[in-house]
Structure formats: structure tokens, C-alpha cells
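Notes to accompany the following structure.
Positions are given from 1, in the same order as the sequence printed here.
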Amino acid sequence: MNRTNNKKIKIAILDLYEGAANQGMRCLQQIVDEWALKNNKDVQLDIFDVRLKLELPDLSYDAYISSGGPGSPMDTAGLEWDKKFMHWIKQVNNWNNDFSNYPKKHVFFICHSFQLACRHFKVGNVCARNSTSFGTFPVHMTFDGANEMVFAGMKDPFYAVDSRDYQVIQPNHNRLKEMGAKILAIEKERPHVHYERAIMAIRFNDYFIGTQFHPEADAVGMTVHLHTPDRKETVIKNYGEAKWQSMIEHLNDPDKILWTYSHIIPNFLNIAIEELVEN
């Protein structure tokens, strides 16, 4: 018997946008609403403003999604919100590591949150990029990524929205092995430049997973972004006008951004809520 048929499912979204205008929060709420409707689930969705209000969810939630956000993931170390966020990660991880605690708590870290989690776990070098990466790009899965259930149904490579001035490179393989963590995806190959390919997704442990890209991005939000003068100029400056035009065309292709939107976070929610199934 599935207990979730009669139980309200509690999902928390951690908002790290610090009040900055964004499409991410709309998309995340939309995905959760669509997932609840499709799966006939009674969902309580709560949003926590981490950076402006120092809000963080307690351990009563069934799944957590931590958003992207602006600014450097290195320079905020020591700020109150950053310290509270890192303590929260440790608190959830400690809960999961206690054999007697059930159900376990699944967390999905997106972009800025992913960089912060990488800094917390010391799994790689979190640093500034040489130039802004913005647009829709292919993401290449590793062997472990091809066997990752959150990536079920994804093609290799798959297309995702990238929006960042920072990156995670130079993986600490000893630390990853010690944690049982796995690199799931890496940046597209750029043979014309001599820069290391960034890590695009990591499964930190059985319950924590994160992506450098934005799996929540939809065609509506990206259309707005790509037509914003400064964003359009960034893409054309870095990749050329033909690339900007191809990104616009990708937005409504059901095999590209829409496919990523409809698979990755819904897969995560399916896996997280399976913990609530009574044997």
C-alpha cells in the first residue's frame, strides 16, 4: 500500500536568489505542481528565503530542492546565511547517516547551491570562469551518469540551460571516493580553448545530488532571458549570432530543453517519494 496516497507530501524549496529577478523559482514551483497533478499527490510546498531572511527548512519535509542564485559561491563563506546553509547541509546529512532515521531526506542542489555543496564537501575547485557561460548547451554524461536514476530517460548528450560565472573543476578524486560520490556529467568539450571541462553534475551520496546546469529551466523563461539585451550580447560575443539563433530554436524542441525540464527534477521527486512507500 502506498502511504503517499493518503499523506500530504511536504516539499521545501530553498530560495538562494537573494531577491534577484529570476525565472528559476517560478519554474521550480511549476514543476512541483505539475508533478503533483500527474501523480495525484497532495503536496504542501513551502519556500524558504535563505539569504535575505535566513530561513531554512526543518527535517519534517519529504524532499528538498535548493535553487540557483547570483554572486560568488566563494566570497560568502563566513556570512551568516552561508554558515546557516552549511550547517543545514550537515544536519540533513547527519540525519541520513543515522541508520535509525527513516525516511531519509533527499536534496537536489542547483547551480549556485551545487557550487556551495561542492565547497562544503571539498570535492573540487570552486572558482571563477574565464568568461560567462549562458545559453543552452549539450551536457555529456559519464559512465556513472548513464546509470543514474535521476537521469533516467535522458540522452547522451542532453541539452540543458547553463547560466554561470563560476564553475567546479579539478575534482578531488580521493575525497569523492571517500564519500562514495560520483561525477555524473561534464561540460561539453571545447577543443579550441585550453580550459578544463567543468563538472556538471555530482551524486554526493545516496540522498544528495546536484547539477551545475538548470534542469528546471523552461522555454518561457529562457525566451525572456535570451531576448534580454545584455544576455543576447553575452551569447553573441562569446559564441556568435548563429549560436544565439540556434538556442532560440532549441527552446521549443521537445528533445532538448523541454525534455530535460520534464525528466530530471520529476525523476528526483519520484525517487525521493519512494522512500514513503510502505512495504
List the residues meeting side-chain hydrogen bond (donor to acceptor under 3.5 Å, both in side chains) with Gln91, not counting sequence neighbours, and say none if there are none. none
Evaluate the ring planes of Phe158 and Phe213, with Trp represented by its six-membered ring, and classify them as parallel (under 30°), tilted (30 to 60°) or perpendicular (over 60°). perpendicular
For Arg119, the salt bridge (charged side-chain N to carboxylate O under 4.0 Å, His left out) test, sequence neighbours excluded, returns Asp82
Should we say atom CE of Met149 is surrounded by more than 12 heavy atoms from elsewhere, each under 6.0 Å from it? no
Side chain of Arg164, backbone of Gln212: donor and acceptor closer than 3.5 Å? no
Only one of Trp95, Phe85, Trp88, Phe108 clears ring pair (Phe, Tyr, Trp, His ring centres under 6.0 Å) with Tyr64; which? Trp88
In short, Glu187 meets His140 closest at the heavy-atom pair O-CD2, 4.2 Å
So Phe204 and Phe114, would you call those rings parallel, tilted or perpendicular, with 30° and 60° as cut-offs? tilted
Test side chain to side chain contact (heavy atoms under 4.5 Å, CB included) on Phe109 and Gln115 and set out the steps. CA-CA 8 Å; Phe109 300 93; Gln115 295 162 351; over 6 Å; no
Verdict with supporting geometry, Arg51 and Glu18, salt bridge (Lys or Arg N to Asp or Glu O under 4.0 Å): CA-CA 5 Å; Arg51 295 172 73 165; Glu18 201 173 26; 3.0 Å; yes
Would a line drawn from the ring center of Tyr261 to the ring center of Tyr159 be shorter than 6.0 Å? no
Examine Arg129 relative to Tyr166 and say whether NZ or CZ is less than 6.0 Å from the centre of the six-membered ring and inside a 45° cone about the ring axis. no
The test is salt bridge (Lys or Arg N to Asp or Glu O under 4.0 Å); show your working for Lys8 and Asp42 and say whether it passes. CA-CA 5 Å; Lys8 184 184 290 290; Asp42 181 14; 3.2 Å; yes
With ring-ring contact (aromatic ring centres under 6.0 Å, His included) as the rule and sequence neighbours excluded, what pairs involving residues 8-48 come up? Phe48-Tyr61
